[in-house]
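Note on naming: letters A, B, ... go to the chains in the order of the sequence lines (proteins, then strands), and numbering restarts at 1 for each one.
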Amino acid sequence: MYVIIISVLGITMIFAAFMAIYAKKLITAIISLGLIGLFASIIFLLLAAPDVAITEAAIGSGLSIAIYLFALRHTEGQEEK
Amino acid sequence: MINSLFLYSIACILFLIGLFGVLTRKNVIKILVSLSIMETAVNLFLIIVGYIKNGKAPILTRWDPHINIHTLNFVDPLPQALVLTAIVIGLGTTALALTIAIKLYEHYGTLDITKMGDKK
Amino acid sequence: MKNTNFVTGSFIALTLVVILGIFFFQALNQPAHEGKTMPVDNVHLEDRVSLHYVLKNVNEASQYLESHGKSYFNERDEVPSKTIEFGKSKNLEEGSANEVTSIVVNYRGFDTLGEVTVLFISIIGLTLLMRGINNKKIREPSLILKTGTTFLSPLIVLFGIYVFVHGHLTPGGGFPGGAIIASGILLLIIGLESFQFNSVLSKSIESLAGLAFVGIALAGLFVKKSFLANFMPTGTVGYLYSAGMVALIYIVVGLKVGAELASGIAKLKEGGKND
C-alpha cells in the first residue's frame, strides 16, 4: 500500500518539478513548487518522520509560497519569455 | 515494503531537475524556484538515509512504551533533527534571496539575467 | 546570436546533468562494501551513531570507552544500557520522550544555537534590503476571508504555542511551532486590512528570546561546567514537567522563530518604509 502511495506521490513530484521549470507563467511555477512541498511532507510522514512532516507542511506549502507571491507582486508579475 | 532504491531515485531525479533549472533558466525567480526544488530533494534524501525498514517514528508513547537494545524499532532520528532545522533555515535564506531579486528588479527594471547590465 | 548561445548553454547543462545522474545511479547500484556504498536496505539502528542517543546512554558509553582505553566499539552489546519505559523511567541523562527533540536541543544544542543565529542574520539582511521599497496594494479581502481570519488566526497561533510547549512529548517543537505561529500571522496580514504588524513588539520578543537562549546555555556553563549542559532535573519520561531545560529552550526557540519569520513576511509584504 505504502509503495503505491509513495510511487504516485514521487512521480507527481517529478512532473511538478518539470512544470515548475518549463511553465511560461511564474505563478504556475510557484504553485508547482507548493505541490512539491506538500507531497514531500506526505512522504516524510510515511517515512516515519512526523516532526519534519509538520515543519515541511507549514513551510514548504504555506509560508514559502506566500513569500514567493509577495516577491512576485513587488516585481509586477514579470513573465518569462 | 518500500524499496529504498526507488526512494533514492526520486530524490536524485528531483535534485537533477533542480540543477538543470538553475543552470538554464533566465528569470531570477525561476532560478530561486529551482533552488528550492533542489533543497526539497536534499531534505528528502537525508530523511531516506535515516529510514529503516519497518521502523516507527522515534517517539516514546503510551501505546509503545518500552525501548531497549533488543527491541529497537525506531528509525534514525539524527537526520530528522538535521532536516528539521534545515527547512526553517531554507525559508530564511529563500526570503533573503527573494529580497535581493526585488532589489535587482528595482535597479534594472527586469528579472531576466541576460538583460541585466545593459542598462544602468 | 544570443539565442544560439542559450541553446548551446542548455545543451552543455543537459550533458552535465546527465553525467551527474549516471554517477548518482552508479553509486546507488554498487554492491555493498564496508563503508563504501550508500545505505540501500538492510540498515539497522545498531550500526548508527544514533543508537546511544535513542537509548539515552551517551555518558555511560563514553565512560565505558575511557575505562577500557578504546576509541570505538567492537560489539554494540558491550554498551551498558537499560530499558526505557514511558511514564516510569526516572532521572535519565535526557528526559524527553521525543528522540528528535533530545538530539536537536540537548545532544546537538550548539548546532541549534548556530542555526537560530543564521536565521536571525538572514532576517536582518532582509529588513535592511527592503528599506526604500514601497508597499503595493493588494485586492481588498472578501467578507468570507475577513470573517474566517478573525475566527481562525487565534486558533492557529494557539496551536503553534501548543506545538512548541509539548515539543518534548509529541511531534513538533520550536521550529515547527514558530512556523505555525508565523503562518497564523500571515493569515492576519493578508486577511485583515486594519491589521498593523507591530515590528517593535516582534523585535523585542526576538531579542529577549535570543538572550534567554544564551542565558540558559551560560547557566549550564556555570552549574555543570559545560556550555548548554542540562542543569535541571530531568524528571519522568512522558510528563509535561520533564526533560529539564529542553522544554525551556524549545519555548524560547519557538518564540524567536515565530517572531523572526512573521517580521520577515510582514517586511516582504509591506516594504520597509516605516523603518
Side-chain angles (χ1 to χ4, degrees), chain A residues 2-3 6-7 10-11 13-15 17-24 26-27 29-31 33-38 40-81, chain C residues 2-3 6 10 13 17 98-104 119 122-123 126 129-130 133-139 156 159-160 162-164 166-168 170-187 189-190 250 257-258 260-262 264-272:
Chain A
Y2 278 6
V3 183
I6 290 189
S7 320
I11 291 165
M13 273 166 75
I14 289 169
F15 275 112
F18 271 118
M19 208 159 136
I21 286 180
Y22 283 110
K24 280 273 185 287
L26 279 178
I27 188 138
I30 292 169
I31 300 293
L33 183 66
L35 195 72
I36 292 173
L38 188 63
S41 86
I42 300 173
I43 290 184
F44 290 151
L45 187 65
L46 294 178
L47 293 181
D51 307 75
V52 186
I54 292 176
T55 318
E56 179 75 30
I59 287 179
S61 56
L63 292 176
S64 105
I65 304 309
I67 61 171
Y68 271 109
L69 290 179
F70 287 150
L72 197 62
R73 197 171 49 91
H74 277 292
T75 54
E76 291 170 357
Q78 277 271 308
E79 305 301 320
E80 190 176 11
K81 279 154 213 131
Chain C
K2 225 168 198 176
N3 208 15
F6 181 68
S10 297
V17 165
N98 188 346
E99 310 286 353
V100 180
T101 300
S102 72
I103 291 176
V104 168
L119 190 63
S122 70
I123 298 297
L126 190 154
L129 284 174
M130 282 305 280
I133 288 177
N134 290 323
N135 184 13
K136 293 225 170 70
K137 282 279 169 203
I138 52 171
R139 205 171 59 192
I156 295 176
F159 177 64
Y162 168 82
V163 165
F164 69 66
H166 290 247
H168 54 296
T170 54
F175 290 98
I180 292 169
I181 288 177
S183 49
I185 292 172
L186 167 72
L187 189 59
I189 289 171
I190 59 175
Y250 245 180
V257 170
E260 271 168 355
L261 292 184
I265 286 166
K267 277 285 169 316
L268 259 178
K269 195 238 166 196
E270 288 165 0

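- Residues meeting the ring pair (Phe, Tyr, Trp, His ring centres under 6.0 Å) test with C/Y162, sequence neighbours left out: C/H166.
- Both the backbone and the side chain of C/L268 come within contact range of chain A, each with at least one heavy atom under 4.5 Å from a heavy atom of that chain.
- Interface summary for chain A: among C/L261, C/I190, C/N98, C/I180, the most heavy-atom pairs under 4.5 angstrom belong to C/N98.
- Nearest heavy-atom pair, A/R73 versus C/K269, reported as atom, atom and distance to 0.1 Å: NH2-O, 3.0 Å.
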Please list every donor-acceptor pair under 3.5 Å in which a side-chain atom of residues 52-72 of chain A meets a protein atom from a residue at least two apart or in another chain.
residue : atom : partner : partner atom : Å
A/T55   : OG1  : A/D51   : O            : 2.8
A/S61   : OG   : A/A57   : O            : 2.8
A/Y68   : OH   : B/L32   : O            : 3.0
A/Y68   : OH   : B/S36   : OG           : 2.8

